[in-house]
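The next block holds one structure in the form of structure tokens; read it before the comments.
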Amino acid sequence: MSDIEKKPIKITETILRDAHQSLIATRMPTEFMLPIVDKMDKVGYHSVECWGGATFDASLRFLKEDPWDRLRRLRDGFKNTKLQMLFRGQNILGYRPYADDVVDAFVQKSIANGIDIIRIFDCLNYLPNLQEAVNATNRMKKQEGRGHAQVALSYTLGDAYTLEYWADTAKKIEEMGADSICIKDMAGLLVPYKASELIKAMKENTKLPIQLHTHYTSGVAGMTYLKAVEAGVDVIDTAMSPFAMGTSQPATEVMVETFKGTPYDTGFDQNLLAEIADYFRPYRDECLKTGLLNPRVMGVDIKTLLYQVPGGMLSNMVSQLKEQNAEDKYYDVLKEIPQVRKDLGEPPLVTPSSQIVGTQAVFNVLMGERYKMATKETKAVLRGEYGQTVKPMSQEIIDKVIPGETRLTGRFADTLPSEMDKLESEMKEWKQQDEDVLSYALFPQVATDFFKYRQAQQDKVDMTQADTKNGAYPV
């Protein structure tokens with residue numbers, strides 16, 4: 001094989017972010033991650049995804065950890081590997097659109113604290129909601145020489161989502177100033193031969209590198225990666241085997257072995273990968289024992305392909321029905337989801353649009369009348385506050401839910417005043433670092449609870465040190 005023929009497939013490792021977000025509700029603590037960082041740093045990954053998504057909320061809310069501290073400690077450990085995060089466009093890592101100054105500050109602090117690649121997506125694929133984050137990343141790249149803006153397209157199915165749509169959007173992303181494109185297949189809907197067609201169509205329209213992210217939920221992800229790599233995709237996302245498959249990504253070791261001895265050979269050392277897997281396996285087994293890892297998320301759920309519903313959305317829907325003693329309505333709600341999605345302009349189903357569509361479908365079924373009760377989020381979508389959809393929303397539903405209200409035709413963030421000064425004023429008594437203002441911006445109550453916990457822990461340490469200094473020793 002000559003060097004010209006070789007095109008080693010690059011791999012982004014997800015075990016420190018999306019893999020444990022998908023399987024154990026983002027509960028892996030920083031202290032568990034740090035001992036294996038040195039070995040992971042030797043693999044040769046394109047990048048390690050370790051931050052963003054739900055990690056920020058879960059760190060503060062459940063683990064009582066400062067997510068900024070996690071990022072800094074991981075950056076100290078990974079000497080040779082790029083670190084990557086997931087960023088919800090104008091929503092940052094939260095659930096509402098923020099003013100541009102908050103987006104700018106968050107991007108700046110993410111890169112300053114150690115992030116190299118920011119994967120930016122929008123739940124409606126509304127590109128204006130991504131532009132500010134791309135601009136902010138590019139500004140940091142000029143200032144610091146670090147920072148890569150990757151725009152992720154949320155993959156979905158529907159009349160509007162043709163090959164032409166994806167190829168044209170890829171071209172627009174290049175024109176936005178992005179450094180690369182990711183196809184983000186959050187529900188495992190992209191099947192192998194469609195992946196081949198998609199990659200080829202996008203490659204014809206853009207020179208940007210293309211990365212593919214999918215989930216094993218529907219059982220086809222490994223085959224999808226194979227066809228995508230053969231079609232010319234540049235990078236794939238995988239997870240170390242103890243936290244792979246199910247609602248997570250295909251296993252890193254399996255994909256490495258798949259391409260061994262081919263032009264796409266990664267050159268990764270399987271013995272090193274085995275050592276890393278050995279480290280994570282006991283933790284996976286412990287999560288199974290405690291119930292944190294539910295065996296149901298480890299299998300294949302073909303309903304994903306039938307209903308186009310991500311696994312996390314299904315589990316959320318089941319819990320909503322259980323609370324209402326209406327579990328017998330499960331299939332009625334599944335049938336209602338495509339109708340609600342169509343009414344709302346056929347958006348991709350990804351956070352937060354998946355929760356909005358799913359919850360509205362539950363209400364429609366339980367009320368016995370469609371849109372008799374509409375959630376405030378459904379109203380916000382219909383007003384255009386989340387952005388513009390690829391297909392028009394139902395005028396009948398708009399008239400029923402928000403009669404006579406003015407609808408936005410542009411970017412909601414353009415209507416928002418700057419927020420950073422106000423946010424800093426609100427939380428100044430808790431501020432120990434500039435980053436605390438951003439934690440508060442995203443999750444005001446959760447962050448405040450964490451700040452109180454942090455202060456109490458520091459007070460305990462101070463008391464212990466004072467007692468020791470005075471000759472007293474704690475029992």
Side-chain angles (χ1 to χ4, degrees), residues 54 57 88-91 94-97 121-126 129 154-161 184 186-187 189 217 247 301 303-409 412:
D57 183 8
R88 296 174 188 152
Q90 211 66 32
N91 294 357
Y95 300 98
R96 71 168 177 91
F121 80 98
D122 176 72
C123 70
L124 303 184
N125 287 332
Y126 181 57
N129 280 346
S154 300
Y155 182 77
T156 191
L157 305 174
D159 296 343
Y161 301 98
K184 180 176 163 58
M186 53 282 164
L189 300 177
T217 321
T247 51
D301 187 352
K303 288 193 192 80
T304 300
L305 291 177
L306 296 176
Y307 298 106
Q308 302 176 37
V309 177
M313 182 177 168
L314 277 177
S315 58
N316 192 40
M317 193 180 78
V318 169
S319 69
Q320 286 177 334
L321 291 172
K322 199 171 184 179
E323 282 172 19
Q324 302 297 321
N325 294 314
E327 290 172 272
D328 59 321
K329 303 288 189 186
Y330 177 75
Y331 288 102
D332 294 333
V333 174
L334 277 180
K335 287 174 191 164
E336 179 67 7
I337 284 170
Q339 183 58 51
V340 174
R341 182 173 174 243
K342 188 177 179 185
D343 293 340
L344 300 187
E346 220 171 74
L349 296 178
V350 64
T351 303
S353 57
S354 54
Q355 288 90 330
I356 296 168
V357 169
T359 301
Q360 188 60 54
V362 169
F363 276 135
N364 287 0
V365 169
L366 294 183
M367 292 286 164
E369 179 188 329
R370 305 186 64 247
Y371 302 98
K372 182 178 183 180
M373 179 186 285
T375 67
K376 69 178 190 296
E377 291 82 9
T378 296
K379 290 175 182 176
V381 169
L382 291 169
R383 287 189 201 105
E385 289 178 14
Y386 283 88
Q388 307 308 310
T389 48
V390 176
K391 291 189 85 172
M393 299 181 200
S394 164
Q395 191 60 49
E396 180 189 344
I397 301 306
I398 291 168
D399 293 342
K400 180 172 184 174
V401 176
I402 51 165
E405 291 194 32
T406 304
R407 297 184 67 238
L408 280 169
T409 54
F412 183 56

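When reading the values below, keep in mind they use all heavy atoms of this one structure, side chains included, and skip hydrogens, waters and symmetry mates. As the structure is a computational prediction, the values presented were derived from the model and not from experiment.
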| Just by modelled atom types, is the Pro348 backbone N or O under 3.5 Å from a matching donor or acceptor in the Ser353 side chain? | yes
| field | Backbone N/O of Ser154 and side chain of Asn125: donor-acceptor pair under 3.5 Å | value | yes
| query | Looking at Phe412, is Arg96 sitting on its ring face, NZ or CZ under 6.0 Å from the six-membered ring centre and within 45 degrees of the normal? | reply | no
| Test item: Thr389 side-chain N/O and Pro392 main-chain N/O as donor-acceptor pair under 3.5 Å | no
| query | What residues form a ring pair (Phe, Tyr, Trp, His ring centres under 6.0 Å) with Tyr386, not counting sequence neighbours? | reply | none
| request: Not counting sequence neighbours, which residues clear side-chain hydrogen bond (donor to acceptor under 3.5 Å, both in side chains) with Arg341? List them please. | output: Thr156, Gln308
| said: Quick check on side-chain hydrogen bond (donor to acceptor under 3.5 Å, both in side chains): which of Glu396, Glu336, Gln360 does Arg370 satisfy it with? | reply: Glu336
| query | Is Tyr95 close to Asp57 at the side-chain level, that is, under 4.5 Å between some pair of heavy atoms? | reply | yes
| query | Can you check whether Ala374's main-chain N or O pairs, donor with acceptor, with Thr378's side chain at less than 3.5 Å? | reply | no
| task | Decide, yes or no, whether a salt bridge links Lys391 with Asp159 under the criterion of side-chain N to carboxylate O below 4.0 Å. | result | yes
| message | Do Val365 and Lys335 have side chains that approach each other closer than 4.5 Å (heavy atoms only, starting at C-beta)? | response | no
| note | Residue set satisfying side-chain hydrogen bond (donor to acceptor under 3.5 Å, both in side chains) with Tyr371, at least two apart, ordered chain then number -> Asp343
| task | Please indicate whether Met373 has more than 12 foreign heavy atoms, meaning atoms of other residues, nucleotides or ligands, lying under 6.0 Å from its CE. | result | no
| request: Using a strict cut-off of less than 4.0 Å between a Lys/Arg side-chain nitrogen and an Asp/Glu carboxylate oxygen, indicate whether Lys400 and Glu369 qualify as a salt bridge. | output: yes
| said: Given 3.5 Å as the limit, does a donor-acceptor pair link the side chain of Asp399 with the main chain of Pro403, or not? | reply: no
